[in-house]
Structures are given as structure tokens and as C-alpha cells.
Amino acid sequence: MTNKRPRLLAFETIRNFRDFGGYESQFGGRVRMGRLYRSGHHAEASEDELAKMDALGIHVQADLRRPDERDKQKSRFNPPVVITHDGGRESEAPHMRFLTQVTVDAEAADEWMAEYYEKAPFKAHHQALFRDWFVQLAEAPGEAAGLVNCAAGKDRTGILCALTHHILGVSEADMRADYDLTNEAVGVNQRLPEAAAHFNQMIGKDLPAEVYRPFMGVHLKYLDRAFGAINAKAGSLDGYLVDVLKVDSALQADLRTKLIER
């Protein structure tokens, strides 16, 4: 990639904030930078950080979090269009419920996350959020930008950003590299010991740090599990987009016209 704009954007309180444009497209040209962003939640954003986000020209935000997550960590960022859904409410985060089980090890945590990825594309509220993202992004005025986020900006966000890349003709190699960039963006290896101590104190356990790795970063096999489930149930990514999400060829063409520079 030859674009000189930075991909990783430095924010003190917002994890994993980055531009996921700039990749070459099989349709010719490359995906525009400065038009597609992804991140974790913005509940702790400072006034300076909010001003920095405002300067990015974000018109559409797809907040993929469950309603209980949005209640507990209220977003401080309010662009013109905010996409949310009230489905999927939980009394506690599913991964925290898993971690309080009697027997938990790194292998079980890894498989729990892989199974989550298999189910995520077929949750009804995710499908509604994903479709609304594509519709609102296509309808955004002028050169307005879009932002996808969830709690950590890695799993739900990672799936939707990969689907966005697919529509825009980004190669599988670049799509996977962008997904995997989460591990660098959040500094998983550096933050894991501290995060493990924090979670162990929270749940009253003494689990090895590696148990928490799937909840801190990403692994390419998780995305493979999501796409494998999509291929098995919908036939292909294209089948999922058109038949499940109802993102038809005309809408996809509109997104390419808006977001690919030739």
C-alpha cells in the first residue's frame, strides 16, 4: 500500500481505532482512506478525543454493542446517524459468564471464541445492524465517513469490516491482514499480563494469562470459522450478503462507486 495516511490512529482511551480503507480493489483502483473507520467503544473519550473524532467527518456510526453494553458504557460520540439494535440483551457479558465456569483453560477459551464467530453472522440483531450499516453508508452525503465499533472493536466489528472489504473487492490477503492488525493496534502481548490480573481479580480466580488472549486480541482462524459458517449456510459470502442481509447488487455497486478511487 502506497497511501501515506496513517492507518492506526492514536487515542488514549479508545482501543483499536484505525482506518480500514486504502487497500487495492479487484474492481480497479483502491478503497478510499479517510472514509472507513473502526474502533472499540467511546464511553471514556475525552473532549479532545471527541474533537479529534469530529474532525474525521464521520456521518454514520454502526454501534454493534448489545443494549446492556450500551447502557453500562454510554457512548460519548454522537454523529448524525447512529445505528443500534435492541436485540441480544444479556444480564452479563457472555464471555464473562464463560470465564466463571468451574473448569476453564486456554484451549477452552480459544474454542469458545471460535464458536462465537460461527454464530455471530446469524444472530438476527447482527444481521439487522450489518444491513443498516451498508444502507446508511451508501446514503451518507458527499465524502462523509463511516465508523464501525463494538466493545473492543475486534470480533463483531472484525466480521462486518471483512464483509465491507469483500463488497469493495479487497483481496483475501489484505482483508485478513487488516483483521489481524487488531493484535498490533491493541498491543495484546504487552497488555495481556495486566489484563489477566484485572480479570482474575474481577471474577475471583487465578487463571493463566493465556486464557484471556482470545478476549484481548484476534486469531485468523476465528474469521475462518465465521466465513466457514457463512459458506455452509448461505453458500458463499455473496449469497450471505444478498440472500441473508438483503444487500443486493445495486446497493453493492453504490458502495463501490462511493468508496473506491480509481
Side-chain angles (χ1 to χ4, degrees), residues 8-18 38-46 49 63-77 84 87-121 123 125-126 129 148-162 178-226:
L8 303 180
L9 284 75
F11 285 85
E12 185 175 347
T13 69
I14 306 171
R15 300 288 183 193
N16 205 7
F17 203 121
R18 61 190 204 258
R38 54 179 293 176
S39 76
H41 72 80
H42 320 115
E44 299 168 359
S46 66
E49 288 176 319
D63 187 340
L64 307 182
R65 296 178 300 164
R66 304 183 310 272
D68 55 293
E69 293 175 292
R70 301 196 310 269
D71 290 344
K72 291 173 183 175
Q73 294 181 309
K74 296 185 183 299
S75 181
R76 301 198 64 219
F77 183 57
T84 62
R89 180 178 287 276
E90 300 269 5
S91 58
E92 64 177 329
H95 68 284
M96 294 303 293
R97 200 162 54 242
F98 161 77
L99 288 167
T100 58
Q101 293 178 8
V102 175
T103 304
V104 174
D105 58 22
E107 183 177 356
D110 183 60
E111 181 58 24
W112 185 95
M113 185 59 77
E115 290 176 359
Y116 173 84
Y117 269 75
E118 288 184 346
K119 299 171 186 173
K123 292 179 182 286
H125 61 287
H126 287 169
L129 286 162
V148 180
N149 79 277
C150 54
K154 68 185 191 72
D155 302 316
R156 292 163 288 189
T157 296
I159 293 170
L160 182 51
C161 291
D178 190 88
Y179 169 82
D180 197 49
L181 189 58
T182 281
N183 294 320
E184 176 186 340
V186 302
V188 173
N189 289 333
Q190 295 82 5
R191 291 186 60 228
L192 188 59
E194 179 183 353
H198 170 76
F199 283 118
N200 276 333
Q201 184 177 26
M202 184 185 302
I203 64 177
K205 291 201 171 190
D206 188 23
L207 298 173
E210 284 301 313
V211 169
Y212 297 99
R213 184 177 291 276
F215 309 108
M216 294 288 295
V218 298
H219 197 297
L220 286 166
K221 67 182 175 184
Y222 301 154
L223 188 62
D224 290 340
R225 290 283 282 266

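- Nearest heavy-atom pair across M113 and Y222 is CG-CE1, 3.6 Å.
- Within 6.0 Å of CD in E184 there are 12 or fewer heavy atoms belonging to other residues, nucleotides or ligands.
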Test R213 against N189 for side chain to side chain donor-acceptor pair (under 3.5 Å), laying out the working first.
-> CA-CA 9 Å; R213 184 177 291 276; N189 289 333; 2.9 Å; yes

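- Around atom CG of D71, more than 12 heavy atoms belonging to other residues, nucleotides or ligands sit under 6.0 Å away.
- A salt bridge is absent between E194 and R191; no separation between the charged side-chain nitrogens and carboxylate oxygens falls under 4.0 Å.
- A side-chain donor-acceptor contact under 3.5 Å links T182 and N16.
- Y212 pairs by the ring-ring contact (aromatic ring centres under 6.0 Å, His included) definition with F199, not counting sequence neighbours.
- Under the side chain to side chain contact (heavy atoms under 4.5 Å, CB included) rule, C150 has a single partner from D155, I159, T157, L160, which is T157.
- Residues satisfying the side chain to side chain contact (heavy atoms under 4.5 Å, CB included) test with A197, not counting sequence neighbours, are none.
- G40 and I14 make their closest contact through O-CG2, 4.0 Å (heavy atoms, listed as atom of the first residue, atom of the second, distance).
- Of the listed residues (E12, E44, R76), just one forms a side chain to side chain contact (heavy atoms under 4.5 Å, CB included) with E49, and that residue is E12.
- The two atoms that bring R89 and P67 nearest to each other are NH2-CB, 3.3 Å, heavy atoms only.
- Panel note: side chain K154, backbone V218; no donor-acceptor pair is recorded below 3.5 Å.
- In this structure, Y117 has its ring center at least 6.0 angstrom away from the ring center of W112.
- Here CD of E115 is found 10.0 Å from CG of D110. Values are rounded to the nearest 0.5 Å.
- Closest approach of R18 to L8, counting heavy atoms only: CD-CD2, 3.7 Å.
- No donor-acceptor contact under 3.5 angstrom links the side chains of N149 and R15, judged on distance only.
- At a threshold of 4.5 Å between non-hydrogen side-chain atoms, the residues D178 and R38 count as touching.
- Checked against D68 for a side-chain hydrogen bond (donor to acceptor under 3.5 Å, both in side chains), the options K72, R70, R66 give a single hit: R66.
- Closest non-hydrogen pair, T13 versus A45, comes out as OG1-CA, 3.3 Å.
- Within the model, atoms CG of D180 and CG of L220 stand 4.5 Å from one another, a figure rounded to the nearest 0.5 Å.
- Within a 6.0 Å radius of CD in E107, other residues, nucleotides and ligands contribute 12 heavy atoms or fewer.
- Within the model, atoms CG of D224 and CD of E118 stand 11.0 Å from one another, a figure rounded to the nearest 0.5 Å.
- Taking the six-membered ring for Trp and thresholds of 30 and 60 degrees, H42 and F17 have ring planes inclined between 30 and 60 degrees apart.
- Of the charged side-chain nitrogens involved, at least one lies within less than 4.0 Å of a carboxylate oxygen, so that E69 and R156 count as a salt-bridged pair.
- Here the straight-line distance linking atom CZ of R65 with atom NE2 of H41 works out to 7.0 Å at 0.5 Å rounding.
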